[in-house]
Amino acid sequence: MSSLIDQFSKSWATLSQFGLFIAGIVGGFLLSPPSLWLDAGPNSVLVATRFSMTVLLALLLYACLRFASEGYRRAWILVSLTSLIIGIGILTVYILLVAVWSCPYADDRLVIGSTLTSLGAKFLNAHPSYSCKELIASAIGRTNDIWDSSELMVRFILMTLAFFISLIGCSTATVAALQLLRITKVDDE
């Protein structure tokens, strides 16, 4: 039993890195940016970003296994700090974009625009005091009937990219920080 505990204590950083790798991937599937419009269906942008995130995190895990010596300490510090700054910075941008470019509707957030369609202009002229939530409800969640669909798509893509870049940045920062602890532990033995 003590041999098992000794083995675990020697490899906790590696196990934690692998756990964070899995958590980063699962997080990208469980959490997601606002939807394009109600019943928009499968979205290739989300699929592509989730796939890219999985590949990037796998490459990071490979780098952790490949570059696990004292000579790479400065590189891992740089990776950790840069990823943290990028991850937190882009997360802040994402939060602001979600606040401005989306609106709650039916237990979700839907992307909204600024350029109204002719139907959206009619709705808004008939009900100038409507909030975005009421405007979306009047169109039964079809935001593409209210706002220009190409504008909605651009906003959706930007929010999706910001979401996944922040998730990858924060995951990378944490895995790289654990790599530093792993290198230190290996060198101290």
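For the numbers below, each heavy atom of this structure counts, side chains included, while hydrogens, waters and symmetry mates do not. All residue numbers in this chain count up from 1 along the given sequence.
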Can you give each donor-acceptor pair under 3.5 Å made by side-chain atoms of residues 93-102, sequence neighbours left out, with the distance rounded to 0.1 Å?
| unit_1 | atom_1 | unit_2 | atom_2 | d |
| --- | --- | --- | --- | --- |
| Ser102 | OG | Val98 | O | 2.5 |
| Ser102 | OG | Arg109 | NE | 2.8 |
| Ser102 | OG | Arg109 | NH2 | 3.3 |

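- Note that CG of Leu110 and NZ of Lys133 are 11.0 Å apart. Values are rounded to the nearest 0.5 Å.
- Counting only distance, with no hydrogens or angles, the side chain of Ser80 and the backbone of Ala173 share a donor-acceptor pair below 3.5 Å.
- For the atom pair Leu124 CG and Tyr130 OH, the distance stands at 10.5 Å (nearest 0.5 Å).
- Looking at every heavy atom in both residues, Phe156 comes nearest to Pro34 through CE1-O, 3.1 Å.
- Applying the salt bridge (charged side-chain N to carboxylate O under 4.0 Å, His left out) rule to pairs touching residues 160-171 yields nothing, sequence neighbours excluded.
- Residue Leu56 holds its CG atom at 12.5 Å from CG of Leu61, rounded to the nearest 0.5 Å.
- Considering only heavy atoms from C-beta on, Trp147 stays 4.5 Å or farther from Thr117 through its side chain.
- In this structure, Leu161 CG and Ile168 CD1 are separated by 9.5 Å, a value rounded to the nearest 0.5 Å.
- Annotation: side chain of Ser150 is not in contact with side chain of Met153 (no heavy-atom distance under 4.5 Å).
- Residues that satisfy the ring pair (Phe, Tyr, Trp, His ring centres under 6.0 Å) test with Tyr72, not counting sequence neighbours, are Phe67.
- Each salt bridge (charged side-chain N to carboxylate O under 4.0 Å, His left out) pair with one or both residues in residues 150-161, not counting sequence neighbours, appears once here: Glu151-Arg155.
- Grouping the Ile, Leu, Val, Met, Phe, Trp and Tyr side chains by contacts below 4.5 angstrom, directly or via other members, places Phe51 with Leu59.
- Distance CD1/Ile146 to CG/Leu119: 7.5 Å, rounded to 0.5 Å.
- Of all the heavy atoms in Thr172 and Ser83, the pair that sits closest is CG2-OG, 3.1 Å.
- Within the structure, salt bridge (charged side-chain N to carboxylate O under 4.0 Å, His left out) pairs that include any residue of residues 85-94 do not occur (at least two apart or interchain).
- Of all non-hydrogen atoms in Ile112 and Leu152, the two that sit nearest each other are C-CD2, 3.4 Å.
- The closest side-chain heavy-atom distance from Thr143 to Val111 is not below 4.5 Å.
- Ile85 and Phe163 fall into different hydrophobic clusters, where Ile, Leu, Val, Met, Phe, Trp and Tyr are joined by side-chain heavy atoms under 4.5 Å apart, directly or via other members.
- Here the shortest heavy-atom pairing between Ala63 and Trp76 reads O-CZ2, 3.5 Å.
- Note that CZ of Arg73 is 10.5 Å distant from CD of Gln179, once rounded to the nearest 0.5 Å.
- Ile183 and Leu78 are assigned to two separate hydrophobic clusters, defined by single-linkage of ILVMFWY side chains at heavy-atom distances under 4.5 Å.
- Connectivity analysis of hydrophobic side chains (ILVMFWY, heavy atoms under 4.5 Å, direct or indirect) links Leu84 to Ile88.
- A distance-only check finds a donor-acceptor pair linking the side chain of Arg182 to the backbone of Cys64 [under 3.5 Å].
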